[in-house]
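Here is the structure we will look at.
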Amino acid sequence: MSSLLFDEPGPRARRRIRIATVVGAVAVLGLLALAVRQFAASGQLDADRWQPYATWPMWRYLLNGLWSTALAAVVSAALSMAAGLMLALGRLSRRRWVRLPAATYVEVVRTVPALLLVYLVLFALPRYGLDLPLFWKLVVPLSVSNAAAFAEIFRAGIGSIERGQSEAGLAVGLTYGRTMRLIVLPQAARRVLPSIVSQSVGLLKDTSLGFVVSYAELLYSGKVLATYNGLLIQTYIIVALTYLVVNASLSKLARVLEARTPQARRPRRSLIRA
């Protein structure tokens, strides 16, 4: 089966990919070994520097930060998915005055870094009398940014549904809106569910931008904790491992969902052009 954006690699290409993977893995392991050696030489691996993280108060503080991260990610995902669905339907609309603004939003916002949107909410909006709470200073820019990505995911999913599905709905007397709501969208949602989970992983990582607005998410909590106990390297290693476990779990969920929907056809190439 060919890939979505490029041809399936041949035997030589697969061999080169395997060699590059092995070389890359060896290089990464070598760097990790060097880092561990340097940490050991400087005393960063001594048991007394890690002992505080065997106590509940430390973990309770970090778990509170993780909870704040999860809350911001869930609210941002809900808002951006709802907006993304509306934008996807707008891009597929037959009305030019609906289609063009939706397409413009998606194409423009996809080129703007989420960090820049955070700065706009943090510094620009208060100049015009709109000073949001810390939570919304993070959630609003993340929702605006990810809405464009979710819009393309939904649009690709809708485009992958066979034309006969909507034609059958119209033939039995359903309106265009009811055909989309009852026939097309449920099937499209099942097909793009793995992509939605994968995009949500990226959104969860983007919540670390709360560091900029002083929102008490996991990374900011780690900074405060490191300032308090002076264990900078240990704290950030624990934070990094926490992110790794959470994101790896979500990525595994995306792979499981994708493996359980083998019958879903890939979206058409013309609908996902950058």
Side-chain angles (χ1 to χ4, degrees), residues 24-25 28-29 31-32 35-36 39 44-45 49-84 113-115 117-118 134-150 153 189 192-229 231-261:
V28 171
L29 290 175
L31 290 175
L32 287 176
V36 170
F39 286 158
Q44 296 296 332
L45 298 183
R49 300 189 68 85
W50 292 91
Q51 190 275 333
Y53 289 98
T55 60
W56 170 241
M58 288 286 193
W59 279 105
R60 181 175 58 188
Y61 185 78
L62 289 177
L63 289 175
N64 286 335
L66 181 60
W67 165 252
S68 298
T69 292
L71 181 62
V74 169
V75 174
S76 300
L79 293 177
S80 56
M81 278 192 276
L115 180 59
L117 296 177
V118 172
L134 285 180
F135 178 77
W136 294 105
K137 284 181 179 178
L138 175 62
V139 169
V140 168
L142 290 184
S143 301
V144 170
S145 177
N146 284 273
F150 280 115
I153 291 174
V192 301
L193 187 57
S195 298
I196 290 175
V197 176
S198 297
Q199 181 63 30
S200 299
V201 173
L203 193 156
L204 180 67
K205 290 186 290 186
D206 286 344
T207 57
S208 61
L209 294 176
F211 185 94
V212 177
V213 301
S214 298
Y215 173 67
E217 44 76 46
L218 181 58
L219 183 60
Y220 186 81
S221 298
K223 173 196 172 185
V224 173
L225 191 58
T227 303
Y228 171 75
N229 59 25
L231 303 175
L232 180 67
I233 293 177
Q234 290 77 10
T235 301
Y236 281 116
I237 288 178
I238 294 294
V239 169
L241 290 176
T242 304
Y243 273 116
L244 178 63
V245 170
V246 174
N247 290 327
S249 300
L250 290 175
S251 298
K252 176 63 175 179
L253 175 61
R255 291 192 296 270
V256 169
L257 292 173
E258 187 173 11
R260 290 185 177 183
T261 56

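Here, residue 1 is the first one in the sequence, and each next residue gets the next number. We use all heavy atoms of the structure for the numbers below, so side chains are in, but hydrogens, waters and symmetry mates are not. Everything quoted here is computed from the prediction, not taken from an experiment.
- Separation of atoms CG (Asn64) and CD (Glu217) is listed at 13.0 Å; rounding is to 0.5 Å.
- With sequence neighbours excluded, no residue forms a salt bridge (Lys or Arg N to Asp or Glu O under 4.0 Å) with Lys223.
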### Message
Working note: Tyr228 + Thr235, criterion side chain to side chain contact (heavy atoms under 4.5 Å, CB included); need CA distance, chi angles, decisive distance, verdict.
### Response
CA-CA 11 Å; Tyr228 171 75; Thr235 301; over 6 Å; no
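- Of all non-hydrogen atoms in Gly210 and Leu138, the two that sit nearest each other are N-CD1, 3.5 Å.
- Taking CG of Asn146 as the reference point, atom CG of Asp206 lies at 6.0 Å (rounded to 0.5 Å).
- Minimum heavy-atom separation, Leu218 to Thr69: N-OG1, 2.9 Å.
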### Task
Give the C-alpha distance, both sets of side-chain angles, the deciding distance and a yes or no for side chain to side chain contact (heavy atoms under 4.5 Å, CB included) between Val75 and Trp136.
CA-CA 10 Å; Val75 174; Trp136 294 105; 4.0 Å; yes
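- Considering every non-hydrogen atom in both Ser214 and Leu134, the closest pair reads O-CD1, 3.7 Å.
- Between the side chain of Ser145 and the main chain of Ala114, no donor-acceptor pair closer than 3.5 Å is present.
- Proximity of a side-chain donor or acceptor of Tyr215 to a complementary backbone N or O of Thr207 within less than 3.5 Å is not detected.
- Looking at Ile233 and Arg49, their side chains never come closer than 4.5 Å, going by heavy atoms from C-beta outward.
- A side-chain donor-acceptor contact under 3.5 Å links Thr55 to the backbone of Pro52.
- One distance of note links CG of Leu253 with OG of Ser198; it measures 9.0 Å at 0.5 Å rounding.
- Judged purely by atom type and a 3.5 angstrom limit, Trp59 has no side-chain atom pairing as donor or acceptor with the backbone of Ala54.
- Across every non-hydrogen atom of Ser80 and Leu203, the tightest pair is OG-CD1, 3.9 Å.
- Scored by the side chain to side chain contact (heavy atoms under 4.5 Å, CB included) test, Val74 finds no partners at all (sequence neighbours excluded).
- From Met81, atom CE reaches atom CG of Leu79 across 9.5 Å, with rounding to the nearest 0.5 Å.
- Annotation for Ser195 and Ile153: closest pair O-CD1, 3.8 Å, computed over non-hydrogen atoms.
- Within 6.0 Å of CH2 in Trp50 there are more than 12 heavy atoms belonging to other residues, nucleotides or ligands.
- A donor-acceptor pair is defined here as one N or O able to donate and one able to accept, closer than 3.5 Å; no such pair exists between the side chain of Gln199 and the backbone of Gly202.
- For Ser208 (side chain) and Lys205 (main-chain N/O), a donor-acceptor pair under 3.5 Å exists by modelled atom type.
- Of all non-hydrogen atoms in Phe150 and Ser200, the two that sit nearest each other are CZ-OG, 4.1 Å.
- When each of Leu66, Asn247, Leu63 is checked for a side chain to side chain contact (heavy atoms under 4.5 Å, CB included) with Thr242, only Leu66 meets the rule.
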### Message
Could you walk me through whether Ile238 and Met58 satisfy the side chain to side chain contact (heavy atoms under 4.5 Å, CB included) test, starting with their C-alpha distance in whole Å, then the side-chain angles of each, then the deciding distance to 0.1 Å, before giving a yes or no?
### Response
CA-CA 11 Å; Ile238 294 294; Met58 288 286 193; over 6 Å; no
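- The shortest side-chain heavy-atom distance between Val118 and Phe211 does not fall under the 4.5 Å cut-off.
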